[in-house]
Amino acid sequence: MERKLASIVIIDGVQPIPGADLIQLATVKGWQLVIKKDEFRVGDHAVYCEIDSFLPVKEEFEFLRKSSFRKMGEQEGFRLKTIKLRGQISQGLLLPVRVLGDYEYTLGENVAERLGIIKYEPPVPASLAGLVKGLFPSFMHKTDEERVQNLSEQYEEYKKHTFYITEKLDGSSVTYYLNNGEFGVCSRNLELLETEDNTLWKVARVNDIENKLRATGRNLAIQGEMIGEGIQKNMYGLRGQTARFFNVFDIDKYQYLPMEEFVPFIESLGLETVPVLDNSFTLPATIDELLTMADGASVLSPKGKNAEREGLVIRSLDRKISFKAISNKFLLNEG
Ligand code: ATP
Ligand code: MN
Ligand code: MN
């Protein structure tokens with residue numbers, strides 16, 4: 001699923017901000033952002049650019065230079081991230097539809113490419129990137145989670161389900177698979193060659209993951225988050241690196257194991273799951289309340305510290321519904 005970084009939306013709400021005369025708070029789906037007063041009205045169509053958008057250097061985006069200019073490798077652009085203005089969280093950017101020029105858009109349409117908007121990706125350390133063996137195999141899915149702010153249409157229906165909650169760890173995705181006798185190691189988007197130095201392969205060797213998967217006699221993939229030294233900010237203060245798993249995928253059935261099978265399975269391999277915080281959770285009344293619950297200390301905080309966790313991943317017990325609630329406190333601290 002490609003993220004729709006810029007899409008055509010309807011403005012759902014516009015509210016005043018106490019004590020601020022020149023700005024207002026707009027809501028779009030489950031997102032809120034600060035706009036100039038009277039820039040948009042409820043019901044207007046607009047282009048909404050999500051956080052992590054990297055906008056090209058063009059005249060019409062120059063107003064972003066002061067706040068958002070950034071380089072991504074050699075490329076210059078404007079990066080949208082979570083900010084706080086007058087005490088209000090503001091995420092993303094609304095542009096008038098006229099930035100599309102003379103173009104017949106449809107509601108919900110992804111217009112990122114038309115506007116030259118790509119995703120801002122922080123640099124990946126060499127020890128994680130590794131050497132590429134090939135594309136991510138098509139007999140399984142890449143790891144990914146939708147943001148709850150984009151699920152406002154589904155949220156009411158989701159309230160009927162029971163969920164389990166895991167802590168979302170801020171590391172790097174890893175997939176280990178055994179398929180028809182072949183063992184493989186993948187990062188987020190690619191399959192990696194075995195090398196001495198690659199962290200994902202090192203952790204596989206240390207934990208004997210290949211043999212453990214062989215011993216099951218099944219075609220399976222296990223997917224998790226690699227955390228530790230040299231990965232993101234290592235807020236967990238770990239020495240070395242370790243993988244914490246959140247998926248077991250049955251390649252032959254082409255489906256994930258439900259919660260009640262996934263946890264014991266990972267434990268039976270002598271591996272660890274991501275921290276399970278709750279296993280009989282029902283959704284609060286609003287997306288905003290869920291986002292507030294996402295703030296909190298990581299259960300993996302180093303002793304005596306309260307590391308701000310990245311957020312929560314919320315899944316129905318059968319694993320068919322899955323999405324993330326990223327902590328806004330975490331996002332506001334992000335460099
Ligand atoms: P985005 O799509 O929002 O741009 P992203 O897909 O690059 O972001 P994340 O925001 O990190 O990445 O969200 C999805 C990732 O979260 C998964 O690919 C997985 O690696 C990671 N993750 C960390 N902890 C968990 C967890 N507890 N459950 C599921 N996934 C997790
Ligand atoms: Mn994603
Ligand atoms: Mn991540």
Side-chain angles (χ1 to χ4, degrees), residues 1-7 29-31 49-54 72 79-82 91-92 110 112 117-125 128 136 140-151 163-176 185-190 199-200 203 221-228 231-236 241-249 256-257 259 262-263 266 271-279 281 291 294 296 298-300 307-316 319-328 330-331 334-335:
M1 239 187 312
E2 264 297 286
R3 229 177 119 179
K4 276 198 211 172
L5 284 169
S7 59
K29 300 182 278 182
W31 298 100
C49 307
E50 280 187 24
I51 49 172
D52 302 331
S53 292
F54 194 64
M72 179 164 72
R79 176 203 179 183
L80 302 185
K81 54 182 210 176
T82 303
Q91 294 182 302
N110 186 352
I117 296 170
I118 57 176
K119 186 173 164 195
Y120 177 81
E121 301 270 15
V124 182
L128 287 173
F136 194 91
M140 56 191 179
H141 305 291
K142 291 181 184 178
T143 63
D144 200 18
E145 298 298 332
E146 180 60 282
R147 285 166 200 260
V148 66
Q149 290 95 332
N150 290 329
L151 297 171
F163 294 88
Y164 67 100
I165 294 191
T166 60
E167 180 175 328
K168 185 169 192 298
L169 300 179
D170 186 22
S172 195
S173 170
V174 61
T175 297
Y176 297 115
V185 176
C186 307
S187 60
R188 179 68 198 278
N189 293 308
L190 298 165
T199 301
L200 309 187
V203 168
I222 58 175
Q223 301 184 298
E225 194 78 351
M226 192 64 69
I227 54 172
I231 306 176
Q232 304 290 52
K233 290 180 188 158
N234 188 22
M235 68 159 104
Y236 315 106
Q241 295 87 18
T242 185
R244 301 289 297 251
F245 293 91
F246 49 75
N247 284 333
V248 177
F249 188 72
Y256 294 106
L257 301 198
M259 160 76 167
F262 143 71
V263 174
I266 291 297
L271 301 171
E272 286 180 294
T273 68
V274 288
V276 178
L277 304 182
D278 194 339
N279 56 23
F281 180 79
L291 287 168
S298 170
V299 300
L300 301 185
E308 203 67 62
R309 70 179 172 221
E310 187 185 357
L312 305 174
V313 174
I314 297 136
R315 290 178 167 174
S316 58
R319 174 64 179 83
K320 293 205 166 122
I321 303 171
S322 184
F323 56 90
K324 63 186 171 190
I326 305 280
S327 158
N328 284 324
F330 170 88
L331 289 175
E334 229 181 8

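Start at 1 and go down the list; that is how both ligands and their atoms are numbered. Quick note: residue numbers are just sequence positions, from 1.
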Do E334 and T82 have side-chain atoms, one donor and one acceptor, less than 3.5 Å apart? no
Sorted by chain and residue number, the ring pair (Phe, Tyr, Trp, His ring centres under 6.0 Å) partners of F54 (sequence neighbours excluded) come out as Y120
Could you check R3, K81, K4 and say which one makes a salt bridge (Lys or Arg N to Asp or Glu O under 4.0 Å) with D52? R3
With a cut-off of 2.8 Å, does any N, O or S atom of D144 fall short of it relative to the Mn ion (ligand 2)? yes
Check ion pair R188-D144 (N to O, under 4.0 angstrom): yes
Quick one: salt bridge (charged side-chain N to carboxylate O under 4.0 Å, His left out) partners of R315, sequence neighbours excluded? E145
Those residues at least two apart in sequence (or on a different chain) that pass salt bridge (charged side-chain N to carboxylate O under 4.0 Å, His left out) with R319 are none
For ligand 1, give me the residues whose heavy-atom distance to it is below 4.0 Å, by chain and number please. R3, K119, T143, D144, E145, R147, T166, E167, K168, L169, S173, R188, E225, F246, V274, V313, R315, K324
